[in-house]
Amino acid sequence: MKKRKFKKIFNLVKGVLNTLLVIALACFVLAVCLQRFTDNKMALLNYRLFTVVTGSMEPKYNIGDVLISKDVDPETIEIGDTVSYLGAEGNFNGKIVTHEVINIEKNETGELLFHTKGIANLVQDPIVNEKQLYGKVVYKANILSFVYKTISSKLGMLLCVILPLMVIIATEIIATLLESEEEKRRARANK
């Protein structure tokens, strides 16, 4: 009786953990694939993920932090907001940059021009046209940042791949052993 109850609880916990693991991995893989394979040209429900690759925004954002930006109307962006944009000049050309807005103006055609700068930088970026904007940073995803920083190291990658596989294999072995024991018990009871 106790073993049946244990088996039910074990199978329930195993199912919940496996489901949560699969959902978490699927969401993470979807987000990373969307980010990597579309060069962030495509947003998911008006949101994009960006990973900080330099120390230009320290101490607010550190290298490896995962930021979520939302497509917003450029008119709603204010001085002090952090924006992500596609650089179009100099060293920024073709690179995705996430910096703080330090000034906003309009050009002769009425388009917004944003002056941005990394917090840790001494020099401001080339002027950013509203068409270059990917969005305003609305959230720093601490869990995704932790996962990204972890899998960025060799040891972390091994632990993130090997450990979950070992857990899945161990739960399958235990479930098989419990089933085998249950079959033996039934066989003895039928004799």
Side-chain angles (χ1 to χ4, degrees), residues 20 23-161:
L20 289 175
I23 289 171
L25 286 173
C27 290
F28 185 70
V29 167
L30 175 66
V32 168
C33 287
L34 189 65
Q35 176 187 15
R36 297 284 186 225
F37 298 125
T38 68
D39 288 332
N40 276 313
K41 290 184 175 44
M42 197 169 134
L44 182 62
L45 302 173
N46 290 330
Y47 290 91
R48 289 183 170 95
L49 288 177
F50 296 100
T51 306
V52 177
V53 295
T54 70
S56 66
M57 287 297 287
E58 289 180 345
K60 189 173 184 179
Y61 303 119
N62 299 307
I63 295 172
D65 284 347
V66 176
L67 307 177
I68 299 174
S69 73
K70 181 178 182 187
D71 292 341
V72 296
D73 180 353
E75 294 281 344
T76 64
I77 295 174
E78 300 174 349
I79 293 173
D81 287 343
T82 303
V83 295
S84 295
Y85 66 91
L86 182 62
E89 295 181 32
N91 292 338
F92 292 85
N93 190 26
K95 295 180 183 171
I96 298 170
V97 181
T98 301
H99 281 167
E100 194 172 274
V101 175
I102 58 172
N103 194 17
I104 304 170
E105 59 186 50
K106 285 190 179 188
N107 65 13
E108 57 280 347
T109 62
E111 290 179 320
L112 290 172
L113 302 175
F114 297 90
H115 297 258
T116 61
K117 181 173 113 30
I119 294 170
N121 292 354
L122 297 175
V123 179
Q124 81 175 33
D125 308 341
I127 293 178
V128 178
N129 185 295
E130 66 182 62
K131 292 175 185 172
Q132 293 173 252
L133 291 177
Y134 279 137
K136 174 181 165 181
V137 174
V138 292
Y139 187 69
K140 174 182 157 187
N142 291 322
I143 293 172
L144 289 179
S145 297
F146 174 76
V147 170
Y148 179 82
K149 289 174 186 176
T150 301
I151 64 171
S152 293
S153 70
K154 289 180 184 179
L155 177 62
M157 182 63 162
L158 291 174
L159 290 175
C160 288
V161 172

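The chain is numbered in sequence order, starting from 1.
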Side chains of Leu133 and Ile77 in contact at under 4.5 Å (non-hydrogen atoms): yes
Ser84 side, atom OG; Ile68 side, atom CD1 - distance, nearest 0.5 Å: 11.0 Å
Worked check of side-chain contact (heavy atoms from CB on, under 4.5 Å) between Val83 and Ser69: CA-CA 8 Å; Val83 295; Ser69 73; over 6 Å; no
Contact summary for Ile79 and Ile104, nearest pair of heavy atoms: N-CD1, 3.9 Å
Test log, rule side-chain contact (heavy atoms from CB on, under 4.5 Å), inputs Asp81 and Glu100: CA-CA 6 Å; Asp81 287 343; Glu100 194 172 274; over 6 Å; no
Arg48 (side chain) donor-acceptor with Gly135 (main chain) under 3.5 angstrom: no
From OG1 (Thr109) to CG (Asn129), nearest 0.5 Å: 7.5 Å
Lys60 atom NZ, neighbour heavy-atom count above 12 within 6.0 Å: yes
Carboxylate-amine/guanidinium contact Lys106 Glu75, below 4.0 Å: yes
Spacing of Met57 atom CE and His99 atom NE2 [to the nearest 0.5 Å]: 6.5 Å
Minimum heavy-atom distance between Ile127 and Glu89, given as atom pair plus value: O-OE2, 4.5 Å
Student check: side-chain heavy atoms of Val52 and Thr98 closer than 4.5 Å: no
Approximate separation, where rounding is to 0.5 Å, of Asn103 CG and Lys117 NZ: 13.0 Å
Nearest heavy atoms of Ser56 and Asn121, plus distance in Å: CB-OD1, 3.4 Å
Point-to-point distance, once rounded to the nearest 0.5 Å, from OG1 of Thr51 to CD1 of Ile63: 12.0 Å
Worked check of side-chain contact (heavy atoms from CB on, under 4.5 Å) between Tyr139 and Tyr47: CA-CA 10 Å; Tyr139 187 69; Tyr47 290 91; over 6 Å; no
Sidechain-backbone polar pair: Gln132 side chain, Tyr85 backbone, donor-acceptor under 3.5 Å: no
Distance in Å, Lys140 NZ paired with Asp65 CG, rounded so as to fall on 0.5 Å steps: 4.0 Å
Residues, nucleotides or ligands: over 12 heavy atoms within 6.0 Å of Asn91 CG: no
Considering all heavy atoms, the nearest Gly118-Asp125 contact: N-OD1, 4.3 Å
Verdict with supporting geometry, Val137 and Tyr61, side-chain contact (heavy atoms from CB on, under 4.5 Å): CA-CA 11 Å; Val137 174; Tyr61 303 119; 3.5 Å; yes
Residue Lys70 excluded, over 12 heavy atoms near NZ under 6.0 Å: no
